[in-house]
Every structure is written in structure tokens, then in C-alpha cells.
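Data block below; observations after.
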Amino acid sequence: MFASLYRRRLLRLRQIPSVAGTNSGRPNPADALLSHGYSSAALAGATVSEPCPTTASYLISCGLSPAAAAASKLRIRSTDRADAVRALFRSYGFTDADITGMIRQAPQILTLDPDRILRPKLDLYTSLGIQPRKLASTPALFMRSLDKHLIPCIEFLRGILGTDGDVCRAISRNPRGLTASDLDRNMRPAVDTLRRLGLPEASILKLLTVDLTVLRISPDRMSQIFEDLKSLGLGVTDTGFVHGIRALCCIRRETWLQKLALYQSFGVSEGELLKAIKMQPTVTLLSDENIKKKLWFLLDELKLELSEVIRQPVVISFSLEKCIKPRRAVLSVLMREGKIQSNINLLSALLGSARNFSKRYVLRYAHEVPDVVKAYEGKIAFVGFRGRDVLDPQNP
């Protein structure tokens, strides 16, 4: 089955037109896919112990800072090849900013053979529909072997996810998941474990689409995650189970237990906490300082009840500076002007999408109360609420 899929893939790639033009001198993508990715022999440069002045100068011309260029141990023996690499990326739609970002992360990319190594990988990613900006965020996508890693892993993912569109979405959401996982050491065992533990195929598809890095989790750790989620009252068929797996895959179990203890130190009962995590598993991913800062703010500044907050745990995931503070400033302006009642359900008003909040509380009153726009932009600093509704019309 796998061999058949692999052959069909190569046959389809033979029909992919070059996105950079129809230059007959360019190699056929299918032929290039039969090469063995990149190896040390394919590099036109090498790392050395002492910085090379010529290389440093070239890296600066690529947008690196003098300090970063001087610190690089890379030696570029062919600036013509490096120029060709940059030109190739431009021809596939990468911006100069994209290219500079890749070089900052992985300067050795400038030493790869543009036609034999990079072009076939670019053709593969282009055939899947992955956008240049997504590829640019993870230059390691161009450093893994084409035949030994990328094609087998992509075929494996297609076998689970179903279509190129699904594969594209999964890789685009977390490109590192494709480069950091090994097919036989990580991917296969991880999927086999998910199936053995009873996760439905539809949930496996959703999990991989959301975050491919879960494929790096060992079978033993995954089994423990399932036990921890079940202890919260979640079943493998529950909607929150997938999000719970993703959340717990991001932290060590000891760290997760510490987060639970931190929430309980604020007075949250075990039952309340379990319900909150069941509703919003990502509240365990915040740093200790972030959790403390948000809870203190919600309880002390906004005068919300702990029981209110823990019943709507999504509010803990909202950005304090970018979301909560501007919204509460808008609401305070509207209270001052008598446009909304002071006994409004504050938490409900703060929640929801930015679009809905803006439509309901900012755009609706922008002409009558221009200060709501200033408040939403952070130009009116909030210094009190409800009982002492005071606003400072200065930048916070």
C-alpha cells in the first residue's frame, strides 16, 4: 500500500509545472526527488573554528547584524552559489525578509546546491500548497533528506490525514513537527499508541492537524497523558480530549502537577479546577508568573469572584495587555457616559472575539463617545473600576 502511494506520488510530481517558470534547462522535479537529499558532500561551504571576513561581509549584506555575522563559524566558498540560493528562493515567492530570517536561523542554507538539493524540496512543498512564509519560519525543512525523511513522512501523514490539503494544513500549523520527528522512531510508534489507547481515527486526524509535534511524544508519556486526562473526567470521545492531549504534550507531568497546585493556592477547589481544565486545558500551559498576574488582576483590579473566573477559564488564556485591559477601559468609558449599566456582567462583556467586542462596544458608540476608540487603542489608561470609575487620559 505504502509503495503504491509512493509511486503514485512520484508520478503526480512529474506533472507538476515549475512555479518559477518553464525553463527547459531546469531539472524535472520528479527526477530531482530521486536524489538523496543533502549530505555533507553536497555543501559548498563548511563550518570552521575561526570566522571568515569574506563570509561575515556577505552575511551582513544578507541582512544579518555585524555581531551575528562575526559570530558565525560558517565559511562560504562560493558567493555565486549563495547568490543563486537567494535568487531561487525569490523565484518561489520568498521575500527578502523571509530569506534574511532563514539565514539568521540557519546560515548553512546558503551553501546548499540550489538545483540538486533545494529546488526539488521547494517543488514538493509547493505541490502541497505550503506558503513561503510558513517554510521560512522553519529552515530545517530544507535540511532534512528528501528521500530518506521528507517523502516517507509526508506519505505517512497523507495516509492518516487523507488529502494534500490536510497535510498542508498540518505542516503549516507547525512546520517543526515535520523536521523534528523521525518516521520509525517517533511517528509510527506515536500513532500506534494513540490507536492502542482508543483514540478514534477522527480525533487522531484532528490532533495531527492541530499540532504535529505530538508525534514526538513517547508511548509511555502518551499513556500517562491519557490517564491524567481520564482522571479529569474526560473520555477519549470527548471534544476536549484532543485539546487536553495537545496541552499536556507541551509540558512535563511534574510541571503540570505544579500548575494544579498553583491554582489551588488561590482557593480553587479540586472539583472546580478539574472542570476548568476540562473546559480549557490550555490554562495549564501558562507560566506561573502569568497565571499569578492574571488571577491577581481579575480578582483584585476587576473585583471578579474567583468562582466567576474559574467557571469561564478561557478568560485566563486571554492576553492581559492586548485584550483584557483595552476592553475594560472601553467598558469603563461607556459606564461613565451612561451608555451601559454599571451592573453589567463584566466577565461576559470581556469575553468573546475581538470582532464582536469591537462591533458591540467600540464601533457602535464611536461617533457619540470618541473616547471609546482612544480607550481601545490604549490611549486612555484605566485606574479604577465599578466603585471608583476613574480614567486618566494619558498614555499608560
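If you're wondering where the values come from, they're calculated on a predicted model, not measured in any experiment. Reckoned from all heavy atoms, side chains included, excluding hydrogens, waters and symmetry mates.
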### Residue pair Tyr365 / Asp371, side-chain donor-acceptor N/O under 3.5 Å
no
### Query
Taking atom CG of Leu157 and atom CG of Asp164, what is their separation to the nearest 0.5 Å?
11.0 Å
#### Entry: Side-chain touch Val236/Lys230, heavy atoms, less than 4.5 angstrom
yes
### Message
For Arg90, is there an ion pair with Asp96 - N to carboxylate O distance below 4.0 angstrom?
### Response
yes
### Query
To the nearest 0.5 Å, how far apart are CG in Leu262 and OG1 in Thr255?
12.0 Å
### Task
May I ask you to decide if Asp123's main-chain N or O and Thr126's side chain share a donor-acceptor pair within less than 3.5 Å?
no
### Query
Any side-chain donor paired with an acceptor under 3.5 Å for Asp98 and Thr95?
yes
### Task
Check whether any side-chain N or O of Thr55 sits under 3.5 Å from a backbone N or O of Ile76 as a donor-acceptor pair, and report yes or no.
yes
### Test item: side-chain donor near acceptor, Glu272 and Ser269, under 3.5 Å
yes
### Task
Please list, chain by chain and in numerical order, all residues satisfying side-chain contact (heavy atoms from CB on, under 4.5 Å) with Arg195, sequence neighbours excluded.
Ile160, Val191, Asp192, Glu201, Ile204
### Query
Ile245 pairs by side chain to side chain contact (heavy atoms under 4.5 Å, CB included) with which of Leu197, Leu199, Leu234?
Leu199
### Message
Between Arg173 and Asp211 (salt bridge meaning N to carboxylate O under 4.0 Å), is one present in this structure?
### Response
no
### Query
Going from CZ on Arg176 to OG1 on Thr138, what distance comes out if it is rounded to the nearest 0.5 angstrom?
8.5 Å
#### Entry: For Cys168, side-chain contact (heavy atoms from CB on, under 4.5 Å) partners two or more places apart
Ile130, Ser172
#### Entry: Pairs where residues 306-358 contributes a residue and the test ring pair (Phe, Tyr, Trp, His ring centres under 6.0 Å) is met, not counting sequence neighbours
Phe357-Tyr361, Phe357-Tyr376
### Query
Would a 4.5 Å heavy-atom cut-off, applied to side chains only, mark Ser223 and Arg196 as touching?
yes
### Distance-only polar pair, side chains of Ser319 and Glu321, donor-acceptor under 3.5 Å
no
### Query
According to the side chain to side chain donor-acceptor pair (under 3.5 Å) rule, which pairs have a member within residues 284-300, sequence neighbours left out?
Lys259-Asp288
### Query
Who pairs with Ser65 by side-chain contact (heavy atoms from CB on, under 4.5 Å), at least two apart in sequence or on another chain?
Ala67, Ala68
### Which residues share a side-chain contact (heavy atoms from CB on, under 4.5 Å) with Arg360, sequence neighbours left out
none
### Query
Does Glu337 pair with Lys339 as a salt bridge, N-O distance under 4.0 Å?
no
### Message
With heavy-atom distances below 4.5 Å as the criterion, would you say the side chains of Ile344 and Met335 are in contact?
### Response
yes
